Every structure is written in structure tokens, then in C-alpha cells.
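One structure is given below, encoded as C-alpha cells.
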Amino acid sequence: MAKLIIKPIKQIKAEIQVPGDKSISHRAIMIGSLANGETVVNNFLMSEDCLATVKCLGQLGIDIQMANDKCQMSDGCRTIIRGKGLRGLRESKAVLDVGNSGTTIRLLSGILAGQSFTSTITGDKSIQKRPMMRIVKPLRSMGATIEGREEKDQIFAPLKISGGKLSPIKYELPIASAQVKSAILLAGLFAEGETRVIEKVQARDHTERMLAYFGVKNGQEFQGKVVDVPGDLSSAAFFIVAALIAPNSELIIKNVGTNPTRTGIIEVLQRMGAKLEIVDEQVVSGEPRATILVTRSSLRGTNISGEIIPRLIDEIPIIAVAATQAQGITEISGARELRVKESDRLAAISAELGKMGAKIKELDDGMIIEGPTGLKGAKVKSYGDHRVAMSLTIAGLIADGETTIDDTACIETSFPGFEALLRHIQ
Ligand code: S3P
């Protein structure tokens, strides 16, 4: 099993880029497949999760040409999709396997619900434990027939989706989830009439932006486009926090996505006293991007709850690492969703940072962290969760002694080249 061995870092002084945004890369493949003609995706994220989406759409009859397996970010990782239009997908005889990717299974289920054939979709052990009723319920009410392993009020993959004629719905999301919102909106492309999703708290809006960028109008065919994917702020977050807490550090990260539905981490870190500057902001392919300047900072604790939670949901593990170095108490609440991500992130981060000496208390829906604490190197594990693995790696950079993080192959799901970039900035 892959592992990472991390020693304390002396300083970070570098200018870097991070790989393409995962959420946007998935959506470019799916929406490009439903367009007519070529969609060119520049800076596509060549990670296991996004490659799972490519493979599934390939099984559904779409020709997708990958740049090159080893493409560097500087070459743009150009991926070309030959879309076949709204009615162009074909039945896959084989089961669709999303691997570890929650975004693939939930968004693609929305598309499959609108097809005139039956599909079976599943993923790895973690995927088979993640709740699917959140998408199955609205998709069933639009007219799709979906079967799965039903237990109590929940349903789990493998899912058998028999699509067909869908009716539009107006649906108020019971939980803030971009995956659920997107599944319904994508199913809505196949329904006659207007499908509307109402959010109490806004989750990331990449699907809405990309549909608008492609010029999609209800039920009408649309043309392929060029999509330039910005760097993933969720990946940049690990390096941002590293440069805030490592000695004498200065880091420039270019071309990072700064969609306001994702920038909760920047707001929280600034509130904690972080010296973070966002410069050269511009909108490309319907999404804002900018350069982020980071300088080592003294941090102070803060409260994180309410509407900001969905805007930093994936960054809570790395925010917890920052909080161990902040003066005072950081309290995170209203984040129960973290229990149903790739792992139970509240349990995982509390247990593993605890092993490194952090003063951290797990709450039912969050964590309380008291800082600053001098972390110590320890043997920790990822629970097969990429964001837990990378957060612990960053903690290791400022810990006394050596930190071994077990089970780090999962980093490939979202951030190929993470270790190389980490070595590069030292
Ligand atoms: C994502 C939505 C979020 C996020 C995930 C990616 C997306 O999940 O945690 O990493 O691309 O739509 P939820 O919709 O379950 O909150």
C-alpha cells in the first residue's frame, strides 16, 4: 500500500500551478458528450475520478480523445469529446464503474434517468456505502425507475436505472448539495418543460454556469464549445495552508478557480488573519480565475458555520490543520455532511490529527480545535480518502520529526502530481 513519509519543511518559496478543477472537468465531459460536435477541454484534470467519467461516457458510445496520459499542466492536458447530441448516448452492456467518484455516479445518474435504455452503475467500496436516496428520490419523482440496495430509508449502489420520458419538477433541496442539484438539472435536459431546483443555501454552481456557457435551452440541442478549466481551488487549498503555517514562506499560485461558491476557504483564512491576496481575476469559459499570493501568517481561531459550509465543504480537513496552528479556539459546526464523503471526515481528521498531538474534539456535526499546538510526527492513515491523506501530509510538514501517512494511493483520485509538487516547493 502506498505511503508518504514527510519531514519538517524549512520554508516554501515558489510559484506554482495546480491541476484542473475536478468539478468542472467532470461537467465538461458530461455536457460535452450531450452537445453536438467537438468540445475541446483544456487543462482537463487527468485524475482517477475524472478518468472514470471519461470511461463511463466511452461505454455509453462517446468518443473521447485524451491528450496524453502523462500530459503536463503546461501542455494544457487537452481532451476532445465528440458529442452526439442530447439523444446520442447508447446502452452499455457492461456495468458503469465510477471507481471512487461521487460526482460521477450522482451526476451521471441524472443523465441516465433521461435515456430510453437501462443502465447499471456502481463504484468502489466507499461509493457503495454513500447515500443515494438524495438523487433517487427526485429522479423517481421525475419518472425514472431506479432500483438499488434499499436499507431503511436509504438506497445504495449498484443502481439500476431504467430511464424514459421524464416530467419536469420543481424541487427544494433538503440538503445543500451540488451533486443532487446537478443530477436534477441534467435530468431536466430530457424533460419537457422547466425543471427548477430551489436551494436554501447555495452550493457550487458549476453546472448552471456550464449549461449557460454552452447556451443550453430547455430540451433543445446545443453545440460543442472550448472549455478552459481553471486550477482547482480545493487542490490549491493544501498549498495555501502549507505556506501560511510553514516558516518563512511565500507562495504564488497562478490560474486558480475563484468561483464565489467555492471561495469559503479564502474568506475563513482571511478572517483567521491569513495574508492572502487575490490578483489578476478574469472570467474564462464562464468561470472566474485568479492568482493567489500567500505569505506565512499568524493565525487566530474562528467560528465556521451556516451558509459558508457548502462553500468550503471539501476544505474542512485542511482548515482543521490550519486551526491547530491558530491562536485560540476554532469551532466548526453544521458540517454533518462530512460524515458521508469519501470517508467519515470528522472522525478521520479528529482521530489522526489527534495522534499528532492536536487538541481536537469531534462533534456530531463538526469539530472544536484549540491552538496553537506544536504537532509531532506520527504514523497516521488516510482511510482511503484523498483529502484526509493530503491534509495529514501538510500537517507533517510542520510537525516535529517524521510523519508517515499510510494508504496514500487515493491522492490520485483528485491530485495527480501532489507529491512531486510538494517536493518542488521545498
Ligand atoms: C461536488 C459537490 C460536493 C463536493 C464534491 C464535488 C460536485 O459534494 O463535496 O467533492 O462536483 O458537485 P455534495 O454535492 O455531496 O455536497
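In this text, all values refer to a predicted model and were calculated from it rather than measured experimentally. Index from 1, following the sequence. Both counts, for ligands and for their atoms, begin at 1 and track the order of listing.
Judged by distance alone, the side chain of Thr413 and the main-chain N or O of Cys410 form a donor-acceptor pair under 3.5 Å.
Residue Asp406 is tested with Lys3, Lys381, Lys379 for a salt bridge (charged side-chain N to carboxylate O under 4.0 Å, His left out); the sole match is Lys379.
Here the straight-line distance linking atom CD1 of Ile12 with atom CD1 of Ile240 works out to 11.5 Å at 0.5 Å rounding.
Side-chain atoms of Arg27 and Ser182 form a donor-acceptor pair, as typed in the model, at a separation below 3.5 Å. Between Ser414 and His386, the side chains place a donor N or O and an acceptor N or O closer than 3.5 Å (distance only, hydrogens not considered).
The immediate protein surroundings of ligand 1, defined as residues with any heavy atom under 4.0 Å of it, consist of Ser23, Arg27, Thr103, Arg106, Ser177, Ala178, Gln179, Arg204, Ile313, Asp314, Lys341.
Proximity of the aromatic rings of Phe222 and Tyr213 is defined here by a centroid distance below 6.0 angstrom, and this criterion is not met.
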